[in-house]
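To start, the structure itself, in C-alpha coordinates.
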Amino acid sequence: MVLGDLNAVPWSAALHDVEHDARLSSSSDGFGLQASWPASLGFFGVPIDQLLYSRDLTVTDRRTRAGFGPSSHRSVWVTLAFAR
(Lines give C-alpha, C1' and ligand atoms only; values in the text may rest on other atoms or scores of the structure.)
Protein backbone atom coordinates (compact mmCIF):
# COMPACT_ATOMS: atom_id res chain seq x y z
CA MET A 1 0.00 0.00 0.00
CA VAL A 2 1.17 3.50 -0.84
CA LEU A 3 -0.63 6.41 0.80
CA GLY A 4 0.14 10.10 0.75
CA ASP A 5 0.51 13.38 -1.03
CA LEU A 6 1.90 12.08 -4.31
CA ASN A 7 1.40 15.42 -6.10
CA ALA A 8 -0.16 13.44 -8.93
CA VAL A 9 -3.71 13.51 -10.23
CA PRO A 10 -5.45 10.20 -11.07
CA TRP A 11 -5.04 10.80 -14.82
CA SER A 12 -1.27 11.39 -14.52
CA ALA A 13 0.84 9.19 -16.81
CA ALA A 14 3.50 8.89 -14.08
CA LEU A 15 0.93 7.66 -11.55
CA HIS A 16 -0.39 5.12 -14.07
CA ASP A 17 3.17 3.87 -14.60
CA VAL A 18 3.63 3.36 -10.85
CA GLU A 19 0.28 1.54 -10.60
CA HIS A 20 1.17 -0.71 -13.53
CA ASP A 21 4.77 -1.45 -12.56
CA ALA A 22 3.94 -2.15 -8.90
CA ARG A 23 0.70 -3.95 -9.75
CA LEU A 24 -1.34 -1.60 -7.57
CA SER A 25 -4.83 -0.18 -7.94
CA SER A 26 -5.99 3.35 -7.15
CA SER A 27 -8.55 3.86 -4.42
CA SER A 28 -10.09 6.65 -6.50
CA ASP A 29 -11.25 4.26 -9.24
CA GLY A 30 -15.05 4.28 -9.30
CA PHE A 31 -15.42 7.07 -6.73
CA GLY A 32 -15.24 10.10 -9.00
CA LEU A 33 -13.02 13.12 -8.52
CA GLN A 34 -12.45 13.83 -4.85
CA ALA A 35 -10.35 16.96 -4.49
CA SER A 36 -7.87 16.98 -1.64
CA TRP A 37 -5.79 20.14 -2.22
CA PRO A 38 -5.94 22.97 -1.46
CA ALA A 39 -8.45 22.50 1.34
CA SER A 40 -9.57 26.12 0.97
CA LEU A 41 -11.12 25.29 -2.42
CA GLY A 42 -13.10 22.31 -1.11
CA PHE A 43 -14.52 20.25 -3.95
CA PHE A 44 -13.04 22.64 -6.53
CA GLY A 45 -9.45 21.65 -5.68
CA VAL A 46 -7.21 18.99 -7.21
CA PRO A 47 -7.09 15.27 -6.24
CA ILE A 48 -3.34 14.91 -5.51
CA ASP A 49 -3.50 12.72 -2.37
CA GLN A 50 -3.60 9.05 -3.33
CA LEU A 51 -3.94 5.60 -1.86
CA LEU A 52 -2.65 2.77 -4.04
CA TYR A 53 -3.29 -0.78 -2.85
CA SER A 54 -2.58 -4.38 -3.77
CA ARG A 55 -5.17 -6.43 -5.58
CA ASP A 56 -5.54 -8.58 -2.45
CA LEU A 57 -7.68 -5.74 -1.12
CA THR A 58 -10.80 -3.92 -2.29
CA VAL A 59 -12.13 -0.43 -1.56
CA THR A 60 -15.59 -0.36 -0.02
CA ASP A 61 -15.75 3.41 0.60
CA ARG A 62 -13.69 6.50 -0.20
CA ARG A 63 -14.35 10.12 0.77
CA THR A 64 -12.61 13.39 1.43
CA ARG A 65 -13.35 15.45 4.51
CA ALA A 66 -12.08 18.59 6.19
CA GLY A 67 -8.43 18.31 7.16
CA PHE A 68 -6.97 18.29 10.64
CA GLY A 69 -5.27 21.31 12.15
CA PRO A 70 -3.51 23.75 9.85
CA SER A 71 -3.13 21.33 6.92
CA SER A 72 -3.65 22.72 3.43
CA HIS A 73 -5.06 19.29 2.40
CA ARG A 74 -8.45 17.70 2.90
CA SER A 75 -8.35 14.28 4.59
CA VAL A 76 -8.77 11.19 2.43
CA TRP A 77 -10.74 8.44 4.18
CA VAL A 78 -10.63 5.00 2.59
CA THR A 79 -12.24 1.80 3.85
CA LEU A 80 -10.49 -1.36 2.65
CA ALA A 81 -11.49 -5.02 2.91
CA PHE A 82 -9.83 -8.24 1.85
CA ALA A 83 -10.77 -9.18 -1.71
CA ARG A 84 -12.57 -12.43 -2.24
Side-chain angles (χ1 to χ4, degrees):
M1 182 182 315
V2 177
L3 168 66
D5 175 3
L6 302 184
N7 283 327
V9 291
W11 54 89
S12 161
L15 186 61
H16 282 279
D17 288 347
V18 169
E19 290 175 30
H20 179 266
D21 293 348
R23 289 188 256 161
L24 297 173
S25 298
S26 174
S27 67
S28 65
D29 292 346
F31 288 91
L33 293 179
Q34 295 180 341
S36 58
W37 180 85
S40 61
L41 291 181
F43 298 107
F44 296 105
V46 184
I48 63 170
D49 297 285
Q50 308 297 334
L51 183 142
L52 307 178
Y53 63 96
S54 74
R55 295 177 181 143
D56 296 329
L57 300 170
T58 187
V59 175
T60 60
D61 191 34
R62 187 184 195 281
R63 306 162 191 246
T64 58
R65 297 183 179 162
F68 295 101
S71 177
S72 63
H73 293 255
R74 292 176 54 80
S75 297
V76 177
W77 293 75
V78 180
T79 303
L80 296 165
F82 289 105
R84 295 186 179 194

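Since the model is a prediction, treat every value here as computed from it, not as a measurement. Values below: all heavy atoms of this structure, side chains included; hydrogens, waters and symmetry mates excluded.
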Answer whether the closest heavy-atom distance between the side chains of V9 and I48 falls below 4.5 Å.
yes

Flag side-chain contact, heavy atom, 4.5 Å: L33 against W11:
yes

Ignoring hydrogens and angles, tell me if any N or O in the side chain of Q50 forms a donor-acceptor pair with the backbone of A8 under 3.5 Å.
yes

Are F31 and M1 joined in one hydrophobic group, where the rule is that I, L, V, M, F, W and Y side chains link up if heavy atoms are under 4.5 Å apart?
yes

Taking a hydrophobic cluster as the set of Ile, Leu, Val, Met, Phe, Trp and Tyr residues connected by side-chain heavy atoms closer than 4.5 Å, whether directly or through intermediates, do Y53 and V2 fall within one such cluster?
no

Do you know the tightest heavy-atom contact between G45 and P38?
CA-CD, 4.3 Å

Considering residues, nucleotides and ligands other than R55, do more than 12 of their heavy atoms fall under 6.0 Å from its CZ?
yes

With a 4.5 Å cut-off on side-chain heavy atoms, are D61 and V78 touching?
no

Determine, step by step, whether L57 and F82 satisfy the side-chain contact (heavy atoms from CB on, under 4.5 Å) criterion, reporting the C-alpha distance in whole Å, the side-chain angles of both residues, the deciding distance to 0.1 Å, and the verdict.
CA-CA 4 Å; L57 300 170; F82 289 105; 3.8 Å; yes

Any side-chain heavy-atom pair of D5 and W37 under 4.5 Å:
no

Closest heavy-atom pair, A35 versus G42, reported as atoms and distance to 0.1 Å, is CB-O, 3.5 Å

With sequence neighbours excluded, give me every side-chain hydrogen bond (donor to acceptor under 3.5 Å, both in side chains) pair touching residues 75-84.
none

Indicate yes or no: at least one non-hydrogen side-chain atom of Q34 is less than 4.5 angstrom from one of S28.
no

Would you give the length of the straight line joining atom OG of S25 to atom CD of E19, rounded to the nearest 0.5 angstrom?
7.0 Å

Whether the side chain of H20 engages the backbone of L15 through a donor-acceptor N/O pair (distance < 3.5 Å, no angle test) should be reported.
no

L51 side chain reached by V76 side chain, heavy atoms, under 4.5 Å:
no

Using the side-chain contact (heavy atoms from CB on, under 4.5 Å) rule, take L52 and V18 through it: C-alpha gap first, then chi angles, then the decisive distance, then the call.
CA-CA 9 Å; L52 307 178; V18 169; 4.0 Å; yes

Would you find more than 12 non-hydrogen atoms of other residues, nucleotides or ligands less than 6.0 Å from R65 atom CZ?
yes

Donor-acceptor pair, R74 side chain versus T64 backbone, under 3.5 Å?
yes

Rounded at 0.5 Å granularity, tell me how far CG in L80 sits from OG1 in T58.
8.0 Å

